[in-house]
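Notes to accompany the following structure.
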Amino acid sequence: MTFSEILKFSIDLLAVFLLALGIKGLSKVRSARDANRLAAIAMSLAVVGVLLDSLGSSGISFNAWIWIIAGSLVGTLLGAVVARRVAMTAMPETVALFNGCGGMSSLLVALAVAIFPLSNSNGELSSVLVERISIVISVFVGSITFTGSMVAMAKLQGWLPTPAWMQSKVRHFINIALGVVSLISISSLVSGDERGLLLLIVGSALLGIGVTLPIGGADMPVVISLLNSYSGVAAAAAGFVVGSQLLIVAGAMVGAAGLILTQVMCNGMNRSLISVLFGGALGSITAEGLSGSAEYINITSCSVEECALTLEAAERVVIVPGYGLAVAQAQHTLREVTRALEANGVEVSYAIHPVAGRMPGHMNVLLAEADVPYDQLKEMDIVNPEFPATDVVLVLGANDVVNPQAKNDPSSPLYGMPVLDVQEARTVFVVKRGMSAGYSGIKNDLFDLANTSMVFGDAKKVLGDLLVELKELGISGKN
Amino acid sequence: MTFSEILKFSIDLLAVFLLALGIKGLSKVRSARDANRLAAIAMSLAVVGVLLDSLGSSGISFNAWIWIIAGSLVGTLLGAVVARRVAMTAMPETVALFNGCGGMSSLLVALAVAIFPLSNSNGELSSVLVERISIVISVFVGSITFTGSMVAMAKLQGWLPTPAWMQSKVRHFINIALGVVSLISISSLVSGDERGLLLLIVGSALLGIGVTLPIGGADMPVVISLLNSYSGVAAAAAGFVVGSQLLIVAGAMVGAAGLILTQVMCNGMNRSLISVLFGGALGSITAEGLSGSAEYINITSCSVEECALTLEAAERVVIVPGYGLAVAQAQHTLREVTRALEANGVEVSYAIHPVAGRMPGHMNVLLAEADVPYDQLKEMDIVNPEFPATDVVLVLGANDVVNPQAKNDPSSPLYGMPVLDVQEARTVFVVKRGMSAGYSGIKNDLFDLANTSMVFGDAKKVLGDLLVELKELGISGKN
Amino acid sequence: MSFLSEAFWVLLLGSLLGLELIGKVPPTLHTPLMSGANAISGITMLAALTLIIKAGTNLPLLVLGAVSLGFALFNVVGGFLVTDRMLAMFSRKSSRK
Amino acid sequence: MSFLSEAFWVLLLGSLLGLELIGKVPPTLHTPLMSGANAISGITMLAALTLIIKAGTNLPLLVLGAVSLGFALFNVVGGFLVTDRMLAMFSRKSSRK
Ligand SMILES: NC(=O)c1ccc[n+]([C@@H]2O[C@H](COP(=O)([O-])OP(=O)(O)OC[C@H]3O[C@@H](n4cnc5c(N)ncnc54)[C@H](OP(=O)(O)O)[C@@H]3O)[C@@H](O)[C@H]2O)c1
Ligand SMILES: NC(=O)c1ccc[n+]([C@@H]2O[C@H](COP(=O)([O-])OP(=O)(O)OC[C@H]3O[C@@H](n4cnc5c(N)ncnc54)[C@H](OP(=O)(O)O)[C@@H]3O)[C@@H](O)[C@H]2O)c1
């Protein structure tokens, strides 16, 4: 065992250890940022390990260096630019993009080895078999990850509508057919016939599209997390292909952790993984919910002026932001309104529901962007007991997260999801454009309550008007 | 790769998987029993794997079978007999005994390999070095585990008093000296000089005794858990010695899990690992506590008769069992008393503090033995809010776990430990022999409260008298 | 090298896994968990077994191996049985009585 | 056999470890954890690197390797940076303002 071997080996062990610490740390608020850096350090270490090992044994040719540097430079630069430029609210699609590229990378590696076999294996049947199987897995999972992630990104960006036939049952047959095609090419590849390769790539790529396309935009974070888990599997398979322990461990860890995260996310949104994957978009249900809006019997609508008067007289105001606020990009206007209120001596805080919006942590990101002080953001468990002592609650483009059905109506699909008990406050204003339902597509009993008034309009516009009204009342944050 | 190799390998993987599931399952009440069986199955699987592997390669000689069967028979029989016979309350010492034998086993394996080297290693320096190091670790940790566990067992059984000089600071010097001796022999062994072997065995055996002897009986569960973690380390080292992956993984898992469990146990008892290991027995502090008993200013003592009258008139009675009840072996008499009360229409339940007694789960075991129905045992969090609606609390040989100082007095060593709020009840009777302190050695403010009365005497005796008094009042569980 | 590299990988991963496996343990389970883990640590019986099998006609080695096997099995069998006995006591007995 | 046996061991243990590593994750961290884990899954860059180094003068292989490396590094670098950006937003800002 040469010195360089020992060195490489220790580096690998250390890298895995740090990666494990990193993944663990990322799941706790206090350690998350350091953990992310730790993981980055671990990855750099791993690269150093590979380079040192090669330098110590066969060396790295000049030619190889050129290609290495070229590839790294392009990847790094693009990655850095995208990571800097992208809007905070576009995180899920960004992660999807990155993830797809990771899948593509595994796919390409496996492809390369399939076409130009490495002289790794010792020719024994069992290792040849394992090598073939890992190439196949890497190609299969890699291309599903790639196309699936790209579709997810495109849908989240709104570039890709869901074709109607994709929501019908037909898609299941198409996907099953694609699955069968992939399986056939897989078995032919494993038995040593290389002609199946192209078929496998095309089949699994289409399968990735077919499975992801029908899924509704709001379920996408879960799908992306699942695809992320797949790309871990693809990495582990690539590890078998090139014979790297480190790759196998890291891939397996990420794959398994991704699976758990997917499950946790599903639970958080009160959805099951099965219904996310096979239930299709929630669009149709939403349509039902819309028609169901006729059921409202006791809606009080009020003007922005009235709302401004009530706010001005209040002592404690709680803002409940939701998806609509994000869509309207109204966070900065909101901040101006709350500045004005605070200047007038009103105590303002923000009630953050964990799944308000369309991605986990959406509201935290949004309000942080608008410079809302961290200590005014209150989590659900903290703020819920405070509602009875609150004068005014301003619900901005939120719907499901303030639906009392979740507590009261066991037949409701929301039942069991923890919600913000805004109805306990003295007065509730709900700002939204119309009576349409939220993500879950169901009626919101809150709107019917006596202490709730609707302020119809786009969140940004309403908040702008509110600012004007408040100024007329002599309140402004500017002085 | 032959078929038998693949088989052995799959069995090993499966065994490790099942062991991991087993350890995980053992930490949850619902799955614990099945998990224990699962782990047992995994171990049997592992044995089958080794036997199959040997049969498939070089075979197992008749001679070897004889010795295998002889060794297994003796070990299995003795183990089964001890496991059946031992009293439930003697669990910690039993675990210590088993654990010590596990350590002894690792020690013997390493010793055997040290004297008759296996032709395992390929003669490369690095592997020779690793082999020597693992032998040394196995011997070192194995003998510490053995002697330490034996001392722990003997102390818990009361066979071994703590010599006075062992509680003085001198012991630290002795232990350091023993550590240095072990280190010297270790380094000579690693450099290839085999004469250090005997010295190492003796040195580490004495070290195990020296470290464990001064530790107080009540801290023993923690020490045993720590030694248990060591025996995992010894097993992993033995795995390096004989070249078995399975042994290494299983040993490492148990070693690491044992470390965590040790930490968890310390937290549960409100002690730090350092103070357990180096703080020495709590005996001296207890003595201080005794003298501190003069501080009590408002003790009300009452007769068994009075106590019986109050109990008879009560509607809701909560029993708080503690270490003293276990020492007095009074659980069966207690059960008779509660049967009598129940027959009289009194609602009886038992408040189980997590660390009442001297081993985790002590009270559950004790009361289960006396046939107390499971649904009458109430955990601390459940029973605490019920005390204000309780007529009589009967504290039987418990002290620290009902000390209100833990809540009220930030300067108390108990401060922060969750306790049973018995003082909230209408009347509290405390049954104990005198005014001496409990495990922590501090004064109990509860005894000074106006609604607390002391009933002095051995728990078993008092309960017997109580039974007689109750019968005289016309109350008995027999009819 | 190969056995060693493998050995260190499993050592690292096994330890990390062990650290993660048990999170919160209710106090009631401390003793059974301790004793169950203790039974598992008797896995050294595999080493003793291997030793006997490889010993050939070397009598001292056979004896050492057998004694070691006996100790280990004492640990394993006793450990699992006693854990089971304890857990049987904890299991819900509301059906009884 | 040896590489394979090692590979399967680390696969098993790595997966088990991954399953245990994250227990409860607060919803705020779902997105950053997802994106951080995603960056780590770009570890395939090591495979791409190995490929290039072993390619010798095989041009198609070099190109495939370099493209693969580019994709992987895009994933890794972008993933870590974007995670950091997100986590920076969550970190307590009470000092500001
Ligand atoms: N956070 C996550 O990770 C995540 C991920 C996926 C799904 N989800 C789900 O998403 C839901 C989140 O609840 P939520 O209360 O935040 O949102 P929601 O229930 O989806 O409701 C959003 C509301 O905003 C209104 N709105 C839309 N555009 C608006 C605009 N420009 N101005 C004003 N209002 C506007 C809509 O009503 P109008 O159309 O009438 O204006 C709608 O009722 C939950 O059901 C959750 O399970 C969350
Ligand atoms: N459960 C565990 O795993 C564990 C392990 C180690 C340490 N500990 C510690 O042990 C303590 C347990 O608290 P605890 O309240 O159960 O016990 P404790 O605080 O140790 O008090 C026991 C009381 O029982 C009395 N007693 C002794 N023998 C008696 C007899 N024959 N009849 C009647 N009374 C008798 C003693 O007073 P007299 O001498 O006056 O009778 C003493 O005050 C905690 O501090 C805990 O941290 C627990």
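In what follows, chains are A, B, ... by sequence order, proteins preceding strands, each numbered from 1.
For the ring-ring contact (aromatic ring centres under 6.0 Å, His included) test, no residue two or more places apart in sequence or in another chain qualifies with C:F71. Residues satisfying the side-chain hydrogen bond (donor to acceptor under 3.5 Å, both in side chains) criterion with B:S138, sequence neighbours excluded, are absent altogether.
The distance from atom CG of C:L49 to atom CG of B:L51, rounded to the nearest 0.5 Å, is 5.0 Å. A distance of 13.0 Å separates CG in B:L78 from CG in C:N75, rounded to the nearest 0.5 Å. Distance check: B:T76 OG1 to C:M45 CE gives 9.0 Å after rounding to the nearest 0.5 Å. If you take CD1 on B:I60 and NZ on C:K54, they are separated by 12.5 Å, rounding to the nearest 0.5 Å.
Contact of the C:F74 side chain with the B:V82 side chain is registered, since non-hydrogen atoms from C-beta on lie closer than 4.5 Å. Two residues are said to be in side-chain contact when any heavy atoms from C-beta on lie closer than 4.5 Å; C:P60 and B:F116 meet this criterion. Side-chain contact between C:L29 and B:L26 is absent, with no heavy-atom pair separated by less than 4.5 Å. Residues B:M43 and C:F80 have side chains in contact (heavy-atom distance under 4.5 Å, counting atoms from C-beta outward). Here the side chains of C:L21 and B:I260 are not in contact, with every heavy-atom distance at 4.5 Å or above. Residues B:V29 and C:P26 form a side-chain contact, since some pair of their non-hydrogen atoms from C-beta on lies under 4.5 Å apart. Residues B:M265 and C:M34 meet the side-chain proximity criterion, which asks for heavy atoms closer than 4.5 Å.
Interface residue B:S72: backbone and side-chain heavy atoms are both found under 4.5 Å from chain C. Heavy atoms of B:A39 lying under 4.5 Å from chain C belong to its backbone as well as its side chain. Residue B:V74: no heavy atom, backbone or side chain, is found under 4.5 Å from chain C. Of the atoms belonging to C:A39, it is backbone heavy atoms, and not side-chain ones, that fall under 4.5 Å from chain B. Only the side chain of B:V254 comes within less than 4.5 Å of a heavy atom of chain C; its backbone N, CA, C and O stay farther away. For chain C, the nearby parts of B:V264 are the backbone and the side chain; heavy atoms of each come within less than 4.5 Å. Both the backbone and the side chain of B:V86 come within less than 4.5 Å of a heavy atom in chain C. Using a 4.5 Å cut-off between heavy atoms, C:V76 touches chain B through its side chain atoms alone. For a residue to count as touching a neighbouring chain, one of its non-hydrogen atoms must lie under 4.5 Å from one of that chain's; by this rule B:R84 touches chain C with backbone and side chain alike.
In terms of non-hydrogen atom pairs under 4.5 Å with chain C, the most contact-rich of B:A236, B:C101, B:A64 is B:C101. For the set C:T57, C:L17, C:L11, the entry with the most heavy-atom pairs within less than 4.5 Å of chain B is C:L11. When each of B:A80, B:A35, B:A238 is checked for heavy-atom pairs under 4.5 Å with chain C, B:A80 comes out on top. For the options B:S54, B:S244, B:S61, B:G239, heavy-atom pairs under 4.5 Å to chain C are most numerous at B:S54. Of the residues considered (C:L16, C:T31, C:L64), C:T31 shows the highest number of contacts with chain B, using heavy-atom pairs under 4.5 Å. When each of B:G232, B:A32, B:A110 is checked for heavy-atom pairs under 4.5 Å with chain C, B:A32 comes out on top. Among B:M253, B:Q245, B:M104, B:K24, the residue with the largest count of heavy-atom pairs under 4.5 Å with chain C is B:Q245. In terms of heavy-atom pairs under 4.5 Å with chain B, the best-connected choice from C:N58, C:I22, C:T83 is C:I22. Note on B:V95, B:N63, B:L97, B:L377: by heavy-atom pairs under 4.5 Å with chain C, the leading option is B:V95. Counting heavy-atom pairs under 4.5 Å between each of C:L62, C:L12, C:V67 and chain B puts C:L62 at the top. Considering only heavy-atom pairs separated by less than 4.5 Å from chain B, the leading option among C:V25, C:L19, C:L13 is C:L19.
Nearest heavy-atom pair across B:G59 and C:I53 is O-CG2, 4.2 Å. The minimum heavy-atom distance linking B:I248 with C:A7 is given by the pair CD1-CB, 3.6 Å. Scanning all heavy atoms of the two residues, the minimum distance from B:A235 to C:T44 falls at CA-CG2, 3.8 Å. Residues C:G14 and B:V249 come closest through the heavy atom pair CA-CG1, 4.3 Å. The shortest heavy-atom contact between C:S41 and B:S231 is OG-OG, 2.9 Å.
A donor-acceptor pair under 3.5 Å is absent between the side-chain atoms of B:N99 and the main chain of C:N38, judged by distance alone. The backbone N or O of B:R33 sits nowhere less than 3.5 Å from a side-chain atom of C:D84 that would complete a donor-acceptor pair. Judged by distance alone, the side chain of C:S68 and the main-chain N or O of B:S105 form a donor-acceptor pair under 3.5 Å.
For the pairing with B:W67, the side-chain contact (heavy atoms from CB on, under 4.5 Å) check across C:L61, C:V63, C:L69, C:L51 returns one residue only, C:V63.
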* Applying side chain to side chain contact (heavy atoms under 4.5 Å, CB included), run through C:H30 and B:L261 and close with a yes or a no. => CA-CA 7 Å; C:H30 287 178; B:L261 178 60; 4.2 Å; yes
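Ring-centre distance between B:F240 and C:F8: below the 6.0 Å cut-off.
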